[in-house]
Amino acid sequence: LQRGGAPGPPPGAVGRASAFLAPVLQRGEQGGVSLRRGALPGRLRLCTKSLFFDPDDLRASILEVKVEQGLGPCIDVILVNGTIRDTDTIVVCGMNGPIVAPIRALLTPEVLRESRVKANYSHNKEVKAAMGLRISAPGLDEAIAGSSLLVHRQGSSDEELESMKEEVQKDLKQLQAKIDMSGVGVSVQASTLGSLEALLTFLKKTNIPVSTVGIGPIHKKDITRCSVMLDKPSTKKYAVILAFAVKIDKDAAEIAEAQGIKIMTAEIIYHLFDQFTAYLKVCFILCQLLLHFHSQFPKNSKMNNSIGGG
């Protein structure tokens with residue numbers, strides 16, 4: 001045992017057989033300094049193995065997917081551990097399957113420059129952790145932000161590549177399992193894989209069915225997928241896209257308005273829920289009014305099919 005006034009336990013003494021004792025008063029701040037001074041060095045020694053850099057153990061995550069002028073599709077990546085070389089082939093998660101692409105360029109911002117600020121980027125042959133970088137490669141426009149990035153190096157076997165493909169798609173397959181198999185439900189669009197998972201979990205708890213999901217900005221193809229709900233009167237109330245922290249393409253917004261598809265946007269999940277439940281209440285009230293009107297004037301009125309039944 002080491003008293004609070006001592007500089008802390010000696011090196012190598014922290015373990016099951018030793019402890020640090022510091023008298024601390026319930027009121028006031030007496031003893032707090034001694035407690036921190038003695039406990040912190042021991043904790044740092046215990047965490048040494050966790051902070052060890054391993055060049056062969058690559059761990060990286062995709063932060064953002066974008067298209068840069070002159071570079072094409074790029075991904076902003078945070079490299080937590082390991083090394084990436086410009087001769088490597090990356091394996092990332094895609095909406096339509098795993099993406100395997102050779103690296104065109106490894107880009108890092110200039111010294112004392114932030115990656116979000118437009119500036120010249122430095123081309124690198126090799127980047128070591130921990131580091132934020134931008135990777136240019138073909139076919140990355142379908143990559144999913146928030147997913148993991150793996151590297152297939154020269155000389156690796158085809159079996160390892162197939163294993164990597166399954167690994168990167170694992171999280172997305174788990175989310176797709178939460179989609180309503182009947183094909184009836186709202187469309188969900190989120191900015192990252194993590195936010196999509198949180199939104200789907202919340203919608204499942206609130207019994208709101210989901211038919212399709214997407215990650216990234218809303219484009220024409222997303223409107224086309226959602227327009228399937230307009231085919232039947234009973235599903236028209238689900239012709240809605242719940243967009244969580246994503247941008248909406250101008251052409252897509254115009255098409256959605258023309259077809260009668262409602263796009264609800266919010267930066268907080270609960271706000272999306274409030275918007276959709278309020279929308280369902282309006283649909284229900286309008287539907288009841290139309291039914292009442294039709295019952296009063298059956299010969300001179302027709303059911304308006306522009307509002308979903310329920």
Side-chain angles (χ1 to χ4, degrees), residues 53 55-156 158 160-172 189-196 214-222 245-249 252:
F53 171 76
D56 297 325
D57 181 22
L58 187 135
R59 284 179 288 168
S61 299
I62 301 175
L63 298 180
E64 189 177 0
V65 182
K66 58 179 66 177
V67 178
E68 288 291 330
Q69 186 176 3
L71 293 173
C74 299
I75 53 175
D76 288 343
V77 176
I78 179 69
L79 181 61
V80 180
N81 194 26
T83 304
I84 297 181
R85 303 177 182 87
D86 60 355
T87 56
D88 293 335
T89 298
I90 58 174
V91 183
V92 298
C93 178
M95 287 300 300
N96 299 318
I99 300 173
V100 181
I103 296 177
R104 288 177 178 170
L106 291 177
L107 307 172
T108 54
E110 295 180 347
V111 179
L112 300 181
R113 286 279 188 174
E114 193 176 349
S115 60
R116 291 176 295 179
V117 179
K118 288 188 176 180
N120 294 327
Y121 281 80
S122 303
H123 288 256
N124 303 270
K125 293 289 185 180
E126 182 182 87
V127 176
K128 295 182 178 180
M131 187 74 174
L133 68 151
R134 179 167 295 174
I135 299 177
S136 173
L140 292 181
D141 48 336
E142 292 289 334
I144 296 178
S147 60
S148 300
L149 179 145
L150 300 178
V151 168
H152 182 257
R153 305 192 187 278
Q154 294 180 352
S156 300
D158 294 337
E160 292 180 1
L161 179 60
E162 293 300 323
S163 177
M164 290 180 182
K165 289 180 181 180
E166 295 180 2
E167 181 68 23
V168 295
Q169 293 294 119
K170 186 184 300 182
D171 293 337
L172 182 61
Q189 200 82 8
S191 56
T192 63
L193 194 65
S195 59
L196 177 62
I215 296 178
I218 298 176
H219 298 289
K220 296 179 183 178
K221 60 181 181 180
D222 303 309
V246 296
K247 297 179 180 179
I248 305 172
D249 183 69

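Between the side chain of Asn124 and the backbone N or O of Ser122, at least one donor-acceptor pair lies under 3.5 Å. A donor-acceptor pair under 3.5 Å links the side-chain atoms of Gln169 to the main chain of Gly94, judged by distance alone. A donor-acceptor distance shorter than 3.5 angstrom exists from the side chain of Asn81 to the backbone of Asp57, with no hydrogens or angles considered.
At least one side-chain heavy atom of Val127 sits under 4.5 Å from a side-chain heavy atom of Thr108. Counting heavy atoms from C-beta outward, Thr89 and Ile103 have side chains that stay 4.5 Å or more apart. At least one side-chain heavy atom of Ile84 sits less than 4.5 Å from a side-chain heavy atom of Leu79.
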query: Going through the distances and angles, do Ile215 and Thr192 end up as a side-chain contact (heavy atoms from CB on, under 4.5 Å)?
result: CA-CA 6 Å; Ile215 296 178; Thr192 63; 5.6 Å; no
task: Report the C-alpha separation of Leu106 and Lys125 in whole Å, then their side-chain angles, then the decisive distance to 0.1 Å, and conclude whether the side-chain contact (heavy atoms from CB on, under 4.5 Å) test is met.
output: CA-CA 7 Å; Leu106 291 177; Lys125 293 289 185 180; over 6 Å; no
message: Working note: Ile144 + Val92, criterion side-chain contact (heavy atoms from CB on, under 4.5 Å); need CA distance, chi angles, decisive distance, verdict.
response: CA-CA 8 Å; Ile144 296 178; Val92 298; over 6 Å; no
query: For Val91 and Leu149, what are the C-alpha separation, side-chain angles and deciding distance, and is it a side-chain contact (heavy atoms from CB on, under 4.5 Å)?
result: CA-CA 6 Å; Val91 183; Leu149 179 145; over 6 Å; no
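With rounding to the nearest 0.5 angstrom, the CG atom of Leu63 is 10.5 Å from the CZ atom of Arg134. Of the inter-residue distances, the one linking Leu150 atom CG with His152 atom NE2 reads 11.0 Å to the nearest 0.5 angstrom. Put simply, CD on Glu142 and SG on Cys93 are 11.0 Å apart, with the number rounded to the nearest 0.5 Å. Note that CD1 of Ile75 is 4.5 Å distant from CD1 of Ile135, once rounded to the nearest 0.5 Å. The CD atom of Glu167 sits 9.5 Å away from atom CE of Met164, with the distance rounded to the nearest 0.5 Å. Note that NZ of Lys221 and CE of Met95 are 8.0 Å apart. Values are rounded to the nearest 0.5 Å.
For Val77 against Ala60, the heavy-atom pair with the smallest separation is CG1-CB, 3.8 Å. Nearest heavy atom pair, residue Val151 against residue Leu58, reads CG2-CD1, 3.7 Å. In plain terms, the two heavy atoms of Ala245 and Ser191 that are nearest each other are O-CB, 3.2 Å. Across every non-hydrogen atom of Asp222 and His219, the tightest pair is OD2-N, 2.9 Å. Annotation for Ala190 and Val246: closest pair C-CG1, 3.3 Å, computed over non-hydrogen atoms.
Between Lys66 and Asp76 there is a salt bridge, since at least one side-chain N of the basic residue sits less than 4.0 Å from a carboxylate O of the acidic one.
Every residue two or more places apart in sequence or in another chain that forms a side-chain contact (heavy atoms from CB on, under 4.5 Å) with Arg104 is listed here: Ser136, Pro138.
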